[in-house]
Amino acid sequence: MAPIAPKRFPDRDEIATVRRECEPLENGAQADTTRRLAGRVMARRDMGKLVFLDLVDRSGRIQLLCPLERTGEIDVHLGDVVGVSGAPAKSRRGEPSLMVDSLELLSRIRTPLPDTFHGLTDVELRYRKRYLDLLMNEEARHDALVRSRTVASIRRTLDEWGFVEVETPVLQPRYGGAFAEPFVTHWNSLDEDRYLRIATELYLKRLIVGGLEKVYEIGKDFRNEGVSFKHHPEFTMLEWYEAYADYRDTMDRIEQLVARAAQEVLGTTTCTFRGHEIDFAPPWRRMKFVDALEEHGLWTRDADELRRRLQERDVDVSKDPTWSKLIDHAHSHFVEPALVQPTILYDYPVELSPFARATDDDPSIVERFEYFAGGMELGNAFTEINDAEEQASRFTSQEAERAAGDVEAEGGDPDYVEALSYGMPPTGGIGLGIDRLAMVFTGRESIRDAILFPALRATG
RNA sequence: GGGCCGGUAGCUCAGCUGGUAGAGCAGGGGACUUUUAAUCCCAAGGUCGCAGGUUCGAACCCUGCCCGGCCCA
C-alpha cells in the first residue's frame, strides 16, 4: 500500500529568511541550527550519492543538498511539492543551500511541468493556465503580489482616513453611474431581469444620504464591451464618497493615496511604463479639460464643426451621433494618449457628466476631473450633485442624448432621485481603476497581465 | 466587425521549391559526492488547430471554420 501523503507541514520557515541565514557562512560550511522549508522542486541535479534540488516558495528559491546516505533515496520529480528539514549551509562554490537531513513528499506532480528553462511563453496558455504561469515565471508572481499589495495599501490609507468599507449590490434592477452597456441576467424566483453593475456610484451615494459620511467599495464592475489593452469586461474599481468635501479635496486625496501606494509597494513613487519614467509624487499636473482640447484645436461647442475637424484628422466619426460622443472621441484620441505623467484634467462639459455639480461661474461646465497616467485614464471624480431636482433634470437631459442615438447615455434612476430628495450633504466622489493602476505599477502594457484570470473565449 | 501575424511532442522551437516528422528540456531506465540550463549512455514520445479541396503524393498550396496576439473600429 502506498504511504499516505502528509496532510500538513507545520513550523516551516520562508526560503528568503533561510537564504539570509546562509549568507555569512564560509563556503562549504553549515550552521548548527535546523530549519524546515516547504515548496516546489524546480530543478534537480543528480551527482550520484549527492542530489541537488532547487526549492521555490513564494519568498524565493534555495538549493537543497541531499546526501543520500542521510536522506535515503530521493524519489522526487520536477514539480513535486516537498517539505525538508536541515541546516542552513553554503556549497563549496558559495551557493546558499540547506543541508537536508530529511525530505518528505507532500504532493506528487502528475502532469509534467513546462520547460523549466524557457518557462511558459505562449500568451494564450499563460492566461488560460495562470497557475502554470505563476509557477514558471517569477515575473508573474511578482506582478500578482504588486497588485495585491497595492490594494492592501489603498485599504490601509482609506481606513486610516476614516472611510468605511461597504459592499453594495452587484445584481441591480437598474444600472447607472457610468456610460456603458450592461450584462443582463435573470432572477428566476422573481422572474425579473437584473443588470450586473457598471458602477457602484449610485448605491454608495445612497449611503452618504444615510449618514455614513465617508464610504468606499473595492469590487468588480461589468461592462458589456470588447477587450483592449486597457479594457476588460469585468474589472476592479475603487469608488469612495466623502461628505462635506468637493472635487478639490478629492484631488488632494487621490494624489496622496496613489503616491503612498507606490511608495509602500514599489519603495519609490516612480515606475517605468512603456519606456517612460512616471512619477506619482504630488502635486500632479492640473489642466482644464477645455484647455487640453484647445491645445489640439479641438474645442468647439458646434457639433458639425467638431465633426469636420475630426474628419480632417482622419478620425472615423460615423459612430458618434452626438456632440458628447464627438468631444469624448476627440479627447480619447488626441488628449488622453499624451498624458503620460500623472495629470488631472478638470472642469468638464455638463453633457458628459450627469452627476457633477456646475462650476460657480459657468452652468455648462461642471466640477469634475479625470486623472491620467501612462496615457490612460485611471479614474473620474465629481463634486456630486446633491439636489434631487437638479439630478432629475440631468437624467432628463441624458434621455435626450439617448434619443439622439447614444445607447450608453444614463438611463435615469427615480429611486436614486428619491433618495437625494431626503437630502445629501455636499459630497466629493471618485473612482479608481485598480487594474490600470496595477498595469502602471508593474510596467505591464496589457490589462490582461494585471488580471490573474483574464476573460477568453471558451474552448471546445 | 476589418487588416496583419501565429497554432508542429507536456513545454520552447526547427522543418528549404510539396516527397512518408526533427532537436533541446520535461517524463521513463542507467552512471556519477559540490552541481546550479550539470554532464554522459539507452529507450520512448505526433489527429502538424479542425474540416474540405488540389495533387501520384500536403505540416507546406487553395477554401471555410476554431483559438490566440498586435493594430484599427
Side-chain angles (χ1 to χ4, degrees), chain A residues 15 19 22 25-30 40-56 60-80 86-87 89-100 108-138 140 224-232 274 310-311 313-321 325-326 328-330 332-334 337 375 407-408 444-449 453-460:
Chain A
I15 285 175
R19 265 192 89 94
C22 299
L25 297 170
E26 299 286 319
N27 288 3
Q30 67 179 72
R40 185 79 73 158
V41 174
M42 295 302 284
R44 174 174 181 145
R45 295 174 294 279
D46 279 63
M47 289 299 301
K49 297 282 182 286
L50 183 64
V51 173
F52 298 86
L53 303 174
D54 284 356
L55 188 71
V56 173
R61 177 184 281 251
I62 197 168
Q63 174 171 270
L64 305 178
L65 294 167
C66 305
L68 299 191
E69 60 189 16
R70 216 181 304 178
T71 61
E73 278 305 309
I74 299 295
D75 177 22
V76 165
H77 302 173
L78 282 196
D80 280 347
K90 250 190 189 169
S91 72
R92 285 179 203 166
R93 297 264 180 96
E95 178 74 22
S97 307
L98 192 77
M99 184 61 79
V100 173
R108 171 72 87 196
I109 191 166
R110 301 291 181 197
T111 307
L113 289 177
D115 185 319
T116 51
F117 179 62
H118 296 95
L120 189 69
T121 61
D122 182 278
V123 181
E124 184 176 354
L125 270 185
R126 285 184 42 233
Y127 295 156
R128 288 199 193 276
K129 302 188 177 182
R130 182 68 89 185
Y131 51 94
L132 287 181
D133 186 32
L134 291 166
L135 218 44
M136 305 309 298
N137 301 324
E138 211 239 308
N224 205 337
E225 56 197 27
V227 174
S228 81
F229 75 93
K230 60 176 181 177
H231 293 98
H232 193 260
R274 289 203 195 121
L310 285 170
Q311 279 167 335
R313 290 163 172 78
D314 292 324
V315 177
D316 176 5
V317 290
S318 60
K319 287 173 185 160
D320 300 327
K325 295 295 273 186
L326 288 163
D328 189 53
H329 202 158
S332 60
H333 203 278
F334 293 101
V407 295
E408 295 185 344
R444 293 301 200 143
E445 294 177 18
S446 168
I447 197 169
R448 275 169 278 189
D449 288 315
F453 296 100
L456 295 170
R457 278 183 197 276
T459 52

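Numbers restart at 1 for each chain; the letters A, B, ... are given by sequence-line order, proteins then strands.
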- Query: Which part of the nucleic acid, if any, lies within reach of A:Asp46 when heavy atoms closer than 4.0 Å are counted: base, sugar-phosphate only, or nothing?
  - Reply: base

- Task: Enter the distance from A:Thr111:OG1 to A:Leu132:CG here, rounded to the nearest 0.5 Å.
- Result: 9.0 Å

- Would you classify A:Gly119 as touching base, sugar-phosphate or nothing, given that sugar-phosphate means primed atoms plus P, OP1 and OP2, and contacts are heavy atoms under 4.0 Å? sugar-phosphate

- Say you pick atom P in B:A21 and the same atom in B:G46; how far apart are they, in whole Å? 12 Å

- Task: Between B:C16 and B:G7, how far apart are the P atoms? Round to whole Å, please.
- Result: 12 Å

- By nearest nucleotide on RNA chain B, pick out whichever of A:Asp115 and A:Asp122 is the more 5' one. A:Asp122

- Task: Please report, rounded to the nearest Å, how far the P atom of B:C25 is from the CE atom of A:Met136.
- Result: 15 Å

Got a list of protein N/O to nucleotides 47-49 of chain B N/O distances below 3.5 Å?
none

- In whole Å, what separates the C1' atom of B:G29 from that of B:C66? 40 Å

- Task: Identify which nucleotide among B:U36, B:G24, B:U33 has an atom closest to any side-chain atom of A:Gln63, counting heavy atoms from C-beta outward.
- Result: B:U36

- Query: Starting at the 5' end of RNA chain B and moving along, which residue's nearest nucleotide shows up first, A:Asp54 or A:His118?
  - Reply: A:His118

- Thinking salt bridges, do A:Lys325 and A:Asp328 make one under a 4.0 Å N-O criterion? no

- How close do A:Ala140 and A:Leu134 get, heavy atom to heavy atom, and via which atoms? O-CD2, 3.7 Å

What protein N or O atoms touch nucleotides 69-73 of chain B N or O atoms at under 3.5 angstrom, if any, and at what distances?
from, atom 1, to, atom 2, distance (Å)
B:G69, OP1, A:Arg448, NH1, 2.1
B:G69, OP2, A:Arg448, NH1, 3.3
B:C70, OP2, A:Arg448, NH2, 3.2
B:A73, O3', A:Asp316, OD2, 3.1
B:A73, O2', A:Lys319, NZ, 3.1

- With a 4.5 Å limit on heavy-atom distance, are the side chains of A:Gln311 and A:Val317 in contact? yes

- Rounding to a whole Å, what distance do you find between A:Lys129:NZ and B:G10:P? 10 Å

- Task: Let me know which of A:Glu95, A:Arg44, A:Gln63 forms a side-chain contact (heavy atoms from CB on, under 4.5 Å) with A:Phe52.
- Result: A:Gln63

- Mind checking the C1' distance from B:C5 to B:G49? Whole angstroms is fine. 16 Å

- Message: Between A:Ser97 and A:Met99 (side chain of the first, backbone of the second, donor and acceptor by atom type, cut-off under 3.5 Å), is there such a pair?
- Response: no

- Query: With sugar-phosphate meaning primed atoms plus P, OP1 and OP2, does A:Leu125 contact a base, only sugar-phosphate, or nothing at under 4.0 Å between heavy atoms?
  - Reply: sugar-phosphate

- What is the pairing partner of B:G6, taking Watson-Crick or G-U wobble pairs with both distances under 3.5 Å in any strand? B:C67

- Message: Give me the distance, rounded to whole Å, that separates B:G57 from B:A73 when you measure between the C1' atoms they each carry.
- Response: 44 Å

- Message: Give me the distance, rounded to whole Å, that separates B:C40 from B:U17 when you measure between the P atoms they each carry.
- Response: 33 Å

- Closest to the A:Arg92 side chain: B:U12, B:A37, B:U34? B:U34

- Item | Atom CD of A:Glu138 with >12 non-hydrogen neighbours under 6.0 angstrom | no

- Query: Across all strands, who's sitting opposite B:G1 as a Watson-Crick or G-U wobble pair, both distances under 3.5 Å?
  - Reply: B:C72

- Message: Any side-chain N or O of A:Thr116 below 4.0 angstrom from OP1/OP2 of B:A26?
- Response: no

- According to the Watson-Crick and G-U wobble definitions, with both distances under 3.5 Å, which nucleotide is paired to B:U39? B:A31

- Counting distance only, does the side-chain N/O of A:Asn137 pair as donor-acceptor with the main-chain N or O of A:Leu120 below 3.5 Å? yes

- Query: How long is the line joining CG of A:Leu50 and C1' of B:U39, in whole Å?
  - Reply: 15 Å

- Out of B:C11, B:U34, B:U36, which has the shortest distance to the side chain of A:Glu95? B:U36

- Query: If we take the P atom in both B:C71 and B:C48, what is their distance in whole Å?
  - Reply: 33 Å

- Write down the distance between CD1 (A:Ile109) and P (B:C11), rounded to a whole number of angstrom. 13 Å

- What is the distance from CZ of A:Phe117 to P of B:U39, rounded to the nearest Å? 11 Å

- Message: Test your reading of the model: is there a side-chain donor-acceptor pair from A:Arg19 to the backbone of A:Arg61, 3.5 Å cut-off?
- Response: yes

- Item | Nearest-Å distance for atom pair CE/C1', residues A:Met42 and B:C11 | 12 Å

- Examine distances only and state if a side-chain atom of A:His232 and a backbone atom of A:Ala455 form a donor-acceptor pair shorter than 3.5 Å. yes

- Does OP1 or OP2 of B:G68 have a side-chain N or O of A:Arg457 closer than 4.0 Å? yes

- Query: Reckon A:Pro112 touches a base, only the sugar-phosphate, or nothing at all at heavy-atom distances under 4.0 Å?
  - Reply: sugar-phosphate

- Message: Considering every strand and a 4.0 Å limit on heavy-atom distances, what is the contact class for A:Ser91: base, sugar-phosphate, or nothing?
- Response: base

- Item | Atom C1', compared across B:U20 and B:G24: separation rounded to whole Å | 24 Å

- Task: Rounded off to whole Å, could you give me the CD1-to-P distance for the A:Ile74 and B:U33 pair?
- Result: 15 Å

- Query: To the nearest angstrom, how far is A:Lys49 atom NZ from B:G30 atom C1'?
  - Reply: 13 Å

- Item | salt bridge (charged side-chain N to carboxylate O under 4.0 Å, His left out) contacts touching residues 111-125 of chain A (sequence neighbours left out) | A:Glu124-A:Arg128

- Note on the structure: Here the gap from A:Ser91 atom OG to A:Leu25 atom CG, rounded to the nearest 0.5 Å, amounts to 11.0 Å

